[in-house]
Amino acid sequence: MMHHHETCLGPPRFVILCQHKHRATIMVPKACAYAMFCLCFLLVAVHGACECGFQVQSNDHVAVYTHSIITNFTDPSMSDIGPDWVRSNYPIKDKPYSQQYVPANVYRAIGGLGLNIRVQRYAGSGPVIGGEMQSSRTDILYGSFRASLQISNVSGACQSIFFDKTDSQEVDIEFLTATPHTVHFTNQPHYTNATALGFDPTSAFHQYRFDWAPAQTTFYVDDILRTTLAKDVPNTPGEILLNSWSNGDPEWSGGPPAQDAVLRVEWVQMFFNTTNSSDNISRQKACTKATHEGQPNLTCKV
């Protein structure tokens, strides 16, 4: 099932995911070199391929999701941004400044240091030029979504990872670079929890995660539960996005930035269900076949 290259995701203080071609995505409590990219140890034994899904412990309940997307942007063998992501390219009429997302503002960092998503310093006229990428899949319905991010220290931008379908079907983890030590967890359109991080998110990578279930969304920082929201929970399939933008609104993004504000991304992990019926039938057949064959690791804890 899996088609990603061998990867090692997450800083040494986290339990990490190892993956190699069609072998299992399995939990490995192995510290790895946290430099230009991590080294993942390939296990000799042949494992199952998580054919029956991915088990996620979310607060006080357990969910099993059928699909996964795991992208390690520090992997030097990966081509561009990989097959699971698409760069945005569209304008937004906004106030006080209009915006424009351009593909060039989503780019791999020099030296294998991940992915950069930037909003450019304002040129003094015209729209503010930002960057955004979205998942190729637009049929995602519930799941666990995680990213290793380093926020910009340039004031005047909003940087985020989020689920989106419409303005009322949206889950956000957002940072305002003017006040980066506070993270905003939101179920749109009404319910936001602004939480002090207790560290500087502009000085290092940290893991940010939201688990979206039918009754609630739960938000984590470095695997520590920070808040749960049970109102305005989305119930419509959509996509996952990461972006860096500014419209100059003094009540939110501020700016526009006087210098490029760059969101740095090491990796993204997604474990989710889909509304694609043919995909779901294929997954069920694979699970049934693997079960009958007695394969191990059919459901992988992530």
Side-chain angles (χ1 to χ4, degrees), residues 3-5 7 9 36-37 69-92 94 97-123 126-138 140 145-165 170-177 180 201-202 205-210 238-248 253 255-270 272:
H3 61 271
H4 305 281
H5 294 287
T7 59
L9 303 179
M36 293 177 64
F37 61 90
I69 292 173
I70 299 173
T71 309
N72 179 10
F73 294 107
T74 69
D75 182 354
S77 67
M78 188 177 72
S79 176
D80 194 33
I81 64 172
D84 298 308
W85 301 96
V86 178
R87 293 173 170 89
S88 297
N89 185 13
Y90 62 91
I92 301 174
D94 214 342
Y97 296 88
S98 294
Q99 300 181 60
Q100 174 77 45
Y101 286 122
V102 298
N105 280 348
V106 179
Y107 56 96
R108 293 287 291 276
I110 296 173
L113 296 177
L115 183 77
N116 291 341
I117 304 177
R118 73 175 175 182
V119 53
Q120 296 173 212
R121 68 177 184 85
Y122 189 54
V128 183
I129 309 299
E132 179 180 80
M133 71 176 187
Q134 53 196 294
S135 60
S136 300
R137 300 202 71 132
T138 60
I140 294 169
F145 309 95
R146 312 159 185 194
S148 178
L149 307 175
Q150 183 174 350
I151 310 306
S152 174
N153 61 4
V154 176
S155 180
C158 178
Q159 300 181 327
S160 58
I161 176 173
F162 61 107
F163 165 83
D164 181 67
K165 179 61 177 180
E170 183 176 340
V171 180
D172 301 324
I173 298 178
E174 294 180 290
F175 295 86
L176 307 179
T177 60
T202 72
F205 286 96
H206 292 269
Q207 183 189 113
Y208 304 95
R209 164 184 165 189
F210 67 91
E239 60 195 358
I240 298 296
L241 303 95
L242 293 92
N243 64 13
S244 185
W245 62 273
S246 178
N247 65 358
S253 72
Q259 301 176 21
D260 289 359
V262 178
L263 172 66
R264 299 178 63 196
V265 186
E266 274 193 315
W267 50 260
V268 179
Q269 301 173 8
M270 300 163 47
F272 59 94

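Of all non-hydrogen atoms in Asp94 and Gln99, the two that sit nearest each other are OD2-NE2, 2.9 Å. Residues Ile117 and Gly131 share a closest heavy-atom pair of CG2-O, 3.3 Å. Considering every non-hydrogen atom in both Tyr122 and Pro256, the closest pair reads CB-CB, 3.5 Å. Taking both residues in full, the closest heavy atoms of Ile81 and Arg87 are given as CG2-NH2, 3.6 Å, listed atom of the first, atom of the second, then distance. Nearest approach of Ser136 to Trp85, heavy atoms of both residues: OG-N, 3.4 Å. Looking at every heavy atom in both residues, Ser244 comes nearest to Tyr101 through O-CE2, 4.0 Å.
For Arg108 (side chain) and Met78 (main-chain N/O), a donor-acceptor pair under 3.5 Å exists by modelled atom type. No donor-acceptor pair under 3.5 Å is formed between the side chain of Asn105 and the backbone N or O of Val119. A donor-acceptor pair under 3.5 Å links the side-chain atoms of Ser135 to the main chain of Ile240, judged by distance alone. In this structure, Ser253 contributes its side chain and Asn247 its backbone to a donor-acceptor pair below 3.5 Å.
Remark: Ser160 engages Phe162, Glu174, Asn243 in a side-chain contact (heavy atoms from CB on, under 4.5 Å) (not counting sequence neighbours). Arg264 pairs by the salt bridge (charged side-chain N to carboxylate O under 4.0 Å, His left out) definition with nothing, not counting sequence neighbours. Listed by chain and number, the residues in a side-chain contact (heavy atoms from CB on, under 4.5 Å) with Ala109 are Leu113, Asn116 (sequence neighbours excluded). For Val154, the side-chain contact (heavy atoms from CB on, under 4.5 Å) partners at least two apart in sequence or on another chain are Ser152, Pro257, Gln259, Ala261. Arg121 is linked by a side-chain contact (heavy atoms from CB on, under 4.5 Å) to Asp260, counting only residues two or more places apart in sequence or in another chain.
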| Test side-chain contact (heavy atoms from CB on, under 4.5 Å) applied to Asp75 and Trp267, step by step | CA-CA 9 Å; Asp75 182 354; Trp267 50 260; over 6 Å; no
Apply the test side-chain contact (heavy atoms from CB on, under 4.5 Å) to residues Ile69 and Val268: give CA-CA distance (whole Å), side-chain angles for both, the deciding distance (0.1 Å), then the verdict. CA-CA 8 Å; Ile69 292 173; Val268 179; over 6 Å; no
| request: For Thr138 and Glu239, run side chain to side chain donor-acceptor pair (under 3.5 Å): C-alpha distance rounded to whole Å, both residues' side-chain angles, the deciding distance at 0.1 Å, then the answer. | output: CA-CA 4 Å; Thr138 60; Glu239 60 195 358; 5.7 Å; no
- Step-by-step ring pair (Phe, Tyr, Trp, His ring centres under 6.0 Å) determination, Phe163 to Phe210: CA-CA 9 Å; Phe163 165 83; Phe210 67 91; 7.7 Å; no
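Side-chain contact check for Met270 versus Asp84: every heavy-atom pair is 4.5 Å or farther apart. Residues Thr202 and Phe175 have side chains not in contact (no heavy-atom distance under 4.5 Å, counting atoms from C-beta outward). With a 4.5 Å cut-off on side-chain heavy atoms, Gln100 and Asn89 count as touching. Side-chain contact between Ile140 and Phe145 is present, with heavy atoms from C-beta onward closer than 4.5 Å.
In this structure, CZ on Arg209 lies 12.0 Å from CD1 on Ile161, to the nearest 0.5 angstrom. The distance from atom NE2 of His206 to atom CD of Glu266, rounded to the nearest 0.5 Å, is 10.5 Å. The distance from atom CG of Asp164 to atom CD of Glu170, rounded to the nearest 0.5 Å, is 4.5 Å. Distance check, rounded to the nearest 0.5 Å: CG of Leu263 to CZ of Arg118 gives 13.0 Å. Separation of atoms OG (Ser246) and CD (Gln159) is listed at 10.5 Å; rounding is to 0.5 Å.
The only member of Ile151, Leu149, Asn153 that meets side chain to side chain contact (heavy atoms under 4.5 Å, CB included) when paired with Pro201 is Ile151.
Listed by first and then second residue, the salt bridge (Lys or Arg N to Asp or Glu O under 4.0 Å) pairs involving residues 149-162 amount to none (not counting sequence neighbours).
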